[in-house]
2 protein chains.
Amino acid sequence: MTNTTLKLLAQQLQLSISTVSRALKDHPDISTATKEKVHALANSLDYEPNAYAIQLRTQSSKIFGVIVPAIANLFYDSFIAAIEEESRKNGYALMILQSSNNTDNELNNLKIFRQNRVSGVFACLSAHTHNLEVYEKMSDRAIPVVFFDIVPKDNKYTKVRMADERCAIIAAENIIQRGAKRVLALFGDPGLSISQKRKQAFQQFMEKYAPKTHCTYENTYSSLEAEAAFKKHLSKTQKFDTVFAMTDEILIGVMKAIQALNIKVPKEIGVISISNGFIPSLYHPNISYVETSGYELGKLAFVQMLANLKGGKTLSELTVDARFIEGGSM
Amino acid sequence: MTNTTLKLLAQQLQLSISTVSRALKDHPDISTATKEKVHALANSLDYEPNAYAIQLRTQSSKIFGVIVPAIANLFYDSFIAAIEEESRKNGYALMILQSSNNTDNELNNLKIFRQNRVSGVFACLSAHTHNLEVYEKMSDRAIPVVFFDIVPKDNKYTKVRMADERCAIIAAENIIQRGAKRVLALFGDPGLSISQKRKQAFQQFMEKYAPKTHCTYENTYSSLEAEAAFKKHLSKTQKFDTVFAMTDEILIGVMKAIQALNIKVPKEIGVISISNGFIPSLYHPNISYVETSGYELGKLAFVQMLANLKGGKTLSELTVDARFIEGGSM
DNA sequence: TTGATTTACGCAAACGATTGCGGTAAATTT
DNA sequence: AAATTTACCGCAATCGTTTGCGTAAATCAA
């Protein structure tokens, strides 16, 4: 079946295309009678404006591009859910592409976005993307980019991220409050700034406010490694009484070890992590964690995008605040 | 900065737009010398074809629409990841919208898809969508729809889904093999056909091949309910020795109860579930499960879509086979 | 040398919508 | 009754590409 177009409506109503177009969008030039007729026919013929023709004419696509390392990720999908909600409210749709932490894919995705003339893009950098030239190209095209979570260092970009340092400090505070004597602190890929920030903030805070507490630091790249690291350190003579997991991935490894060794939480070992909350809720007792809400971050990112779209540039780094969620593991 | 267009290239090269267009796509009519010149300039000026103009002209958008109940869902995101991969390979991009299990949203999403003239739609029905009229509208527009996971009953649609009955039977087989005497079988929302199918297949199989095994069936709507149900039944005089969780959600509830009560798996109670594997891998020992791969399903769905796009209709219901993954909980 | 092909390119009409600029009849004002 | 305003509406250009068709020049066959 052929799609209904303005032309078709115009023909059937013996009106010009421009009149039909204006009638449909309630232009004051058009009489009420005509408007009604047009609307009636448009409805009965199920007229849907051709988004491509509109974009071609108006040069604005009403589509946002989103780049995430992986869609299948607990953090990103709540982020996506948030901007999707907001987008819908504002008449935008989302085009989501995953980089799989691969710079080539990232490049390709950006290209697709450019070709589709997206109104803006939300981007989470691939783990090891350092060349931001591609993103410059977006600016050249006047396509605003809001970076989230994994963001570039340069201040000339608009970025939103978790308050990584705050997260780590809140965790440290609670660990101190627990009266921990020996803690095992597990962090992620040391090449990522998120790991660096969290670790540095944590370490500084601990050294300053609890110098007598003995902390062991380790970087792990996966759940399995985290599990192994936990077991390794546990087998030493000096056992630790508290473990801090920087991410869900690490927490998962830790909890597997804890279950395997049938360790009592929080009696024998206290556990605290940074998470969006899903994984911590899987265990009994619920794991206490510092909340980093992808959802909140998404909302914030959207606000930034809108600001960027309307006004000029909002070159700033905004962070979503964190809070401690009591679980029962501390 | 103004975008590079064919017109711009044509002007600079003193050629016609059509020649430039043909040169860019390696049309035999154009001389090699000209092609080279055009390509060179196009590259240096960073020419990116305007997808909207192309779509307007060719009436094909190279975009697929995807409707899922929730992006933030372990099953759907692996499905999405799969079709995203395939789409990229085939030069398509994805437009993902979530229905939040709300029929109105679903309707709206379809509308956006129509307006954007997507090449096809992958749809997972909202839990309680029974009116498929909207989807008919897509067919009217010659937009193929491939339903996945939660699919309509009518045979005139193209659908892919998990082999629900098989899953349940495989689970039952393993339960029987374990020599279970009393089993607690927890299912989801009884209004969903997925719950019905799994339950029915499971029950029939058990009654036929292990009539002496005592099975208790219950439907729960959430993790919390599953947890409560588990605890309730455990407190009875006749304890069960095996528990079957139809979904991840239910498994989560069960495992929380198990942890809380410090029950030994598999010694005191065997656990088996149907899952894509992530949740089962979170526990120690790993939970044995019947695998339903969203990823596989995505691949299959894509094949169906392509077939639909090329040939005529492929009105069939394909299912992804299931297999048992040994964890250590049985 | 002449007629028939090839080669290599340009013209112009779409695709569907938006919008500035007029234009004409009716209504209003003077 | 003439002049002016108002209300409604149409014309046509435009966004950037694609593509059928036409045609000059170059090549070929005889």
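Below, chain A is the first sequence line, B the second, and so on; all start at residue 1.
- In this entry the distance linking CG of B/L56 with P of D/dT14 reads 17 Å, nearest Å.
- Partners of A/D154 by side chain to side chain contact (heavy atoms under 4.5 Å, CB included), not counting sequence neighbours, listed by chain and number: A/K156, A/Y157.
- The residue among B/Q14 and B/R117 whose nearest nucleotide of DNA chain C is located toward the 5' end is B/Q14.
- With sequence neighbours left out, the ring pair (Phe, Tyr, Trp, His ring centres under 6.0 Å) criterion links A/F79 to A/F148.
- Taking 4.0 angstrom as the limit, B/Y52 places none of its side-chain polar atoms (N or O) nearer than this to OP1 or OP2 of D/dT14.
- When the C1' atom of C/dG10 is taken as reference, atom CG of B/L15 falls 10 Å away, rounded to whole Å.
- When distances run from any side-chain atom of A/I54 to the nucleotides D/dG16, C/dA17, C/dG10, the shortest one goes to C/dA17.
- Look at A/S16 and you'll find a side-chain N or O under 4.0 angstrom from OP1 or OP2 of D/dG10.
- Between the base of D/dC11 and the side chain of A/S18 there is a donor-acceptor pair shorter than 3.5 Å.
- In this structure, a donor-acceptor pair under 3.5 Å is absent between the side chains of B/N276 and B/T292.
- Taking only side-chain atoms of B/P49, from C-beta outward, the nucleotide of C/dA17, D/dT17, C/dC15 with the closest atom is D/dT17.
- Taking the salt bridge (Lys or Arg N to Asp or Glu O under 4.0 Å) definition, one finds that A/D149 meets it with nothing, sequence neighbours left out.
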Any protein N or O atoms within reach of nucleotides 26-28 of chain C? Criterion: under 3.5 Å, listing atom names and distances.
none

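- A straight line from CD of B/Q55 to P of D/dT19 spans 13 Å, rounded to a whole angstrom.
- In this structure, A/L6 places its CG atom 13 Å from C1' of C/dC15, rounding to the nearest Å.
- Checking B/V20 against A/T58, the closest nucleotide of DNA chain C that is more toward the 5' end is the one next to B/V20.
- Summarising the geometry, the separation between CG on B/L8 and C1' on D/dC15 is reported as 15 Å, rounded to the nearest angstrom.
- Put simply, CG on A/N116 is 15 Å from P on D/dG16, counting in whole angstrom units.
- For the pair B/Q59 and C/dG16, the criterion of a side-chain N or O lying under 4.0 Å from OP1 or OP2 is met.
- Shown here are the side chain to side chain contact (heavy atoms under 4.5 Å, CB included) partners of A/L318, two or more places apart in sequence or in another chain: A/V160, A/L300, A/Q304, A/S316.
- Between the C1' atom of C/dG16 and the CG atom of B/N50 lies a distance of 14 Å, rounded to the nearest Å.
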Would B/L56 and A/N50 count as a side-chain contact (heavy atoms from CB on, under 4.5 Å) if you check the C-alpha gap in whole Å, the side-chain angles of each, and the deciding distance to 0.1 Å?
-> CA-CA 8 Å; B/L56 183 57; A/N50 184 317; 4.2 Å; yes
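- The separation between B/L13 atom CG and C/dC9 atom C1' is 14 Å, rounded to whole Å.
- Among pairs with a residue in residues 85-94 of chain B, those fulfilling side-chain hydrogen bond (donor to acceptor under 3.5 Å, both in side chains) read A/N109-B/R88, B/E84-B/R88, B/E85-B/Y295, B/E85-B/K299, B/E86-B/K89, B/E86-B/K299, at least two apart in sequence or across chains.
- Residues from residues 25-42 of chain A placing a heavy atom under 4.0 Å of any atom in DNA chain C, listed by number, are A/K25.
- The aromatic rings of A/F122 and A/F64 stand perpendicular to each other, their planes meeting at an angle above 60°, with 30° marking the opposite boundary.
- In terms of the side chain to side chain contact (heavy atoms under 4.5 Å, CB included) criterion, residue partners of A/E36 (sequence neighbours excluded) are, by chain and number, A/T32.
- The side chain of A/A53 approaches C/dA17 more closely than any other nucleotide in the set C/dC9, D/dG16, C/dA17.
- Interface remark: the B/R22 side chain does form a donor-acceptor pair with the C/dG10 base, using a distance-only criterion of under 3.5 Å.
- For the ring pair (Phe, Tyr, Trp, His ring centres under 6.0 Å) condition, the pairs that include at least one residue of residues 23-62 of chain A, sequence neighbours left out, are A/Y52-B/Y52.
- For the pair B/I17 and B/K7, both in contact range of DNA chain D, the more 5′-proximal nearest nucleotide belongs to B/K7.
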